[in-house]
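Computed from heavy atoms alone, side chains included, the values below leave out hydrogens, waters and symmetry copies. Throughout, a chain's letter reflects where its sequence line sits, starting with A, and its residues are numbered from 1. Since the model is a prediction, treat every value here as computed from it, not as a measurement.
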Amino acid sequence: MSDPKDYKATLRLPQTSFPMKANLREREPEILATWQQGRIYDRMLTAAAAGGGAPFVFHDGPPYANGHIHHGHILNKVLKDIVVKMRNMQGRPTAYRPGWDCHGLPIEHAVEKEIGRDAARADPSGLRKKCRVFARKWVDSQRAEFERLGVFGTWDDPYLTMTHDYEALTLREFGRFVGRGAVYQGRKPVLWCHVCETALADAEVEYKDAASPSIYVKFPFTASVGERVPELAGCKGAVVIWTTTPWTLPSNLAISFDPDAIYVAVEMDGEALVVAAALQEAFFAAIGRPELGEAPAIASFPGRTLDRAACRHPFIDRDSLLIVGEHVTMDTGTGCVHTAPGFGEDDFIVGARYGLEAYAPVNAQGRFTSEVPEFAGRVVFDCDDDVVAMLKDRGMLLGHSRFSHAYPHCWRSKNPVIFRATPQWFIGVDTPFTPDTTPEAPARTLRQGAQAAIEDVQFIPAWGRDRIAGMLKSRPDWCVSRQRHWGVPIAAVTCSDCGTVTTTQELIDHVATIFEAEGADAWFDRELADLLPPGFACPSCGGANLDKSRDILDVWFDSGVSYAAVMEAAHGLGTRTDLYLEGSDQHRGWFQSSLLASVGTRGQAPYRAVLTHGFVVDGTGRKLSKSEGNYIDPNKIIDANGADLLRLWTAAEDYRDDIRLSQEILNRLVEAYRKIRNTFRFMLGVVPDFDPDVDALALDAMLPQDRWALVRFGEVVGRVRKAYDAYEFHAVVRTILDFLVTDLSAFTLDITKDRLYCGRPDGVERRSAQTAVWRILDGCLRLMAPVLSFTVEEAWSHFRRPSGAPDSVFLARLPEASDYPVDATLAATMTAFLGVRDVVLKALEEARAAKVIGHPLAASVTIRVQAGTEAEQAARFFESALPELFVVSRVRLEAVAALGVDAPATAEVAAIEGARCARCWNYAESVGTDPRHDDLCARCADVLETLPE
RNA sequence: GGGCCUGUAGCUCAGACGGCUAGAGCACACGCCUGAUAAGCGUGGGGUCGGCAGUUCGAUUCUGCCCAGGCCCA
């Protein structure tokens, strides 16, 4: 007789070339290369289309082509990729054409820094060419980073908002708004540096502490005040405002009140002063009359009472309208807010509601124009003291001090900036119109149209609709012009004879045609005469002395028309896409600009569904920032653990809320990843000699416990598919992981080891287990492919597939629940049985603790169940398999009339007597009964006889 | 300050017309195994369901306020 160890060679122990160590850092790039060489993305689309399923139209929101990608990009792109792969694997061909937003200030800013401001100003065309190169560089960089994540798409043919055709289309879409009369030229306050003589973007200002004058000013009542508030009829008095910019007082057109707040009129020195009740005390203290802080009011009324009444301007011969606005706050001042629509954003918005003009008698150098004769020609900041003096002379000044606060300064000149109303182009949201595409529809405004359109959109999560609706409700007209160079120029001309500024759809279409051939650079490079339609003249005076407009379009307009540029124009995929998927900041950004662009021209939303995800935050829920030290470099994660870990992270977290990222979370995910990988590996290891075409057993030939595994997996498949359809990827991961851990690793795979290792290689017992494992592995791989793309593809390449199965998992379909048996009776029996099993496992643990046994195969178990219960029925059903199901050597089952405990069963564990089979390690009475193998059980002896030497 | 949203064990997630001792996986502790081995199996501990009020016979689940955090505005 030989050494017992030799029997190991007679077992079918797990064997696979799929390595335990993932080493994704090296392996993922190899897999990427095979995808590229095999054109797997293209073939995936073809395979999906083969089933005749309806295409799913998905449209990528373009990231900004500047800088390396960060976690937010990763989250977003991987979510999109999961959608694309999942849909294709459902048989719905889903193309993914990534895009980039290429125009705009940040790039222009960066290039300007590089070449210097003077050079940029002197040669806009040269600046644009450098911007184009800069954007292209980052497109290439980000593309490589996105591809490394395993994201499928037409990376060799992305859409860029700076290509000729895109620029032309952007302008044409703008022309459609012009054509229907929705575009007007108006004025709007923008941040302005009077030293640089230029408009600034928010990103170009720095806030620094500065001391400003702080003054309280009286605006005397007109008779209208007494008409609204009877107590004040015929009474001498004034509304009191507070400001830190005295120079804006000549431009005051109104005073804003909080409509709901209570205001009081308090007598001081024979005069009624109106301030907010909440600020009465602070106000009188500030002007040195604290004794009036709690003085009784002559009158008390909500702000709305004074709506559209008027006061007199303190030193100019005109009225100041009393209005209400929600921007009024009660933290400082008097609650009565000085409103100069030409010099403040809030002022402008609230003023527009009352039809007040953006009055701004200040030129580009920051000097008053002749409209303000007292100060004409002087820089506004230098006039503060004189304004104060003038107020004092007229008895309109109530208090004067210095006030230190954060004030915006120009990033370049370091001078304080002002808001200044400048000419801009607007798309009116309250102008009624009829969309081009549905001329028969009744006219309505862009606002109304957009509000109606989102009713027909599915929002995931549902509150997205409320959020957009809230913004639509209060949004002002869309200011679409910018005083910049890097963008799509607004094709407009100024008549040097009469000063009229003109743009028409005809002009725009003509220019757009030139852009198609030469790009928007043509506007800068060519003479105006070359750009105009033949015979074009000033529509106002007929003059031909025209100048080019130097404004460009808001980049949100560029990306807002991407649905038209990409889906309609390029792919012919119709005017409405199935899904937009972006971060929740895009409710104000791209979701809204796209909505307005589409509703304004086509009368409908550009999307059928909008999915939003939250932002990436750290382990405690705070935003990530490099200065806070809570930033984890994504490249380090990829280097250490592979892109699949980031894909798993993306999928495993519930993106509807903010998504947390921390080292602990990554560590947990690494554990989960290992579990998944090891389980795949084990399953691959037990089926290397299983040919699904010839070795698979029919369901009724399988052992019931194996059949149950398929029933159970069918439930998992159903749940996972439902989760995919609802875009609940964290439920996908959770469902699969729980199944893998609980049902497979700890049960099915554990209990079938004996049959898989020791059973006759082609015997029914072994083939039954292999059939279950093979089918579950096959299904699991396909289910997980959209998430763990690299790992699954790797596993798939080590997996023995049926003949004719595709070589890439992405050419396969997701499994369907109907691929697996449904057997409610078997499922219920197993559920009852698992209750009994828990009792046995606990008893085994106690026996282990008491040193009665070590390995469970050394145990003999006696279980008692109550007669007539589900537990008895289940135990009887599995009676012959009980040792296997408990992984013990012997089980005695007894049914008793009364169990006496509140449990489905009781169990007693004893150390087993007898001999242990040297091959399968079971203690069996049959050991030694076969004379040819005196150290083996009967089963193993039989098996050994059938094995070739 | 406003709009929208979030807050259940160390981590990721379930849950509930308001009603039994609030669940799972991981992590942790202890133990077993050494024929999934930089693996595998078992058992166990752990939560005043962000806080405070209110409605109710009863609230983690409904309402209000507060605190913490996020996005977008201001």
Would you kindly give the [atom1]-to-[atom2] distance between [X] and [N], to the nearest whole Å?
X      : N      : atom1 : atom2 : value
A:D657 : B:rC5  : CG    : C1'   : 8 Å
A:R465 : B:rG3  : CZ    : C1'   : 17 Å
A:R622 : B:rG70 : CZ    : C1'   : 11 Å
A:F18  : B:rA39 : CZ    : P     : 15 Å
A:E582 : B:rC4  : CD    : P     : 23 Å
A:I659 : B:rG7  : CD1   : P     : 14 Å
A:I454 : B:rC4  : CD1   : C1'   : 13 Å
A:Y655 : B:rC5  : OH    : P     : 17 Å

Heavy atoms from C-beta onward define the side chain here; which of [options] lies closest to that of [X]?
X      : options                : result
A:H730 : B:rA14, B:rG42, B:rA36 : B:rA14
A:V741 : B:rG35, B:rU12, B:rG25 : B:rG25
A:M20  : B:rA14, B:rA38, B:rG42 : B:rA38
A:D658 : B:rG70, B:rU37, B:rC41 : B:rG70
A:T742 : B:rU43, B:rG70, B:rG25 : B:rG25

Examine [N]: is either OP1 or OP2 under 4.0 Å from a nitrogen or oxygen in the side chain of [X]? Give yes or no.
X      : N      : value
A:R467 : B:rG3  : no
A:K753 : B:rC41 : no
A:Y757 : B:rA36 : yes
A:H613 : B:rC71 : no
A:R656 : B:rG70 : no
A:K675 : B:rC26 : no
A:T620 : B:rG69 : no

> If each of A:A652 and A:D750 is mapped to the nucleotide of RNA chain B with the nearest heavy atom, which maps nearer the 5' terminus, i.e. the 5' end?
Replying inline: A:A652
Taking the same atom, [atom1], in [N] and in [M], what whole-Å distance lies between them?
N      : M      : atom1 : value
B:rC41 : B:rC33 : P     : 16 Å
B:rG46 : B:rG10 : P     : 12 Å
B:rC17 : B:rC4  : C1'   : 28 Å
B:rA74 : B:rG15 : P     : 37 Å
B:rG69 : B:rC57 : P     : 38 Å
B:rG31 : B:rA38 : P     : 22 Å
B:rU12 : B:rG7  : P     : 12 Å
B:rA59 : B:rA68 : C1'   : 22 Å

Does the distance from a Lys or Arg side-chain N to an Asp or Glu carboxylate O, for [X] and [Y], drop under 4.0 Å?
X      : Y      : result
A:E765 : A:R760 : no
A:E845 : A:K842 : no
A:K722 : A:E728 : no
A:D477 : A:R447 : no
A:R27  : A:E794 : yes
A:D689 : A:R12  : yes
A:K675 : A:E671 : no

Need one value for [X]: base, sugar-phosphate or nothing, where a base atom within 4.0 Å counts as base even if backbone is also close, heavy atoms only.
X      : value
A:A672 : nothing
A:R588 : sugar-phosphate
A:D466 : nothing
A:N667 : nothing
A:M683 : nothing
A:L844 : nothing
A:S745 : base

What distance do [X] atom [atom1] and [Y] atom [atom2] have between them, rounded to the nearest 0.5 Å?
X      : Y      : atom1 : atom2 : answer
A:S593 : A:R588 : OG    : CZ    : 11.5 Å
A:L661 : A:E653 : CG    : CD    : 8.0 Å
A:L11  : A:L756 : CG    : CG    : 11.5 Å
A:C479 : A:F348 : SG    : CZ    : 8.0 Å

> So A:H587 and A:W463, would you call those rings parallel, tilted or perpendicular, with 30° and 60° as cut-offs?
Replying inline: tilted
> Quick one: is the NZ or CZ of A:K188 closer than 6.0 Å to the six-membered ring centre of A:F419, and within 45° of its axis?
Replying inline: no
>> Treating primed atoms plus P, OP1 and OP2 as sugar-phosphate and everything else as base, which nucleotides of nucleotides 27-34 of chain B get B, S or - for protein heavy atoms under 4.0 Å?
In response: S----SS-
>> Counting distance alone, no hydrogens or angles: does the base of B:rC11 have a donor or acceptor under 3.5 Å from a partner atom on the side chain of A:R660?
In response: no
> Can you give the dot-bracket line for RNA chain B, where a pair is Watson-Crick or G-U wobble with both atom distances under 3.5 Å, crossing pairs use [ ], and | marks a partner on another strand?
Replying inline: (((((((..((((.....[...)))).(((((.......))))).....(((((..]....)))))))))))).
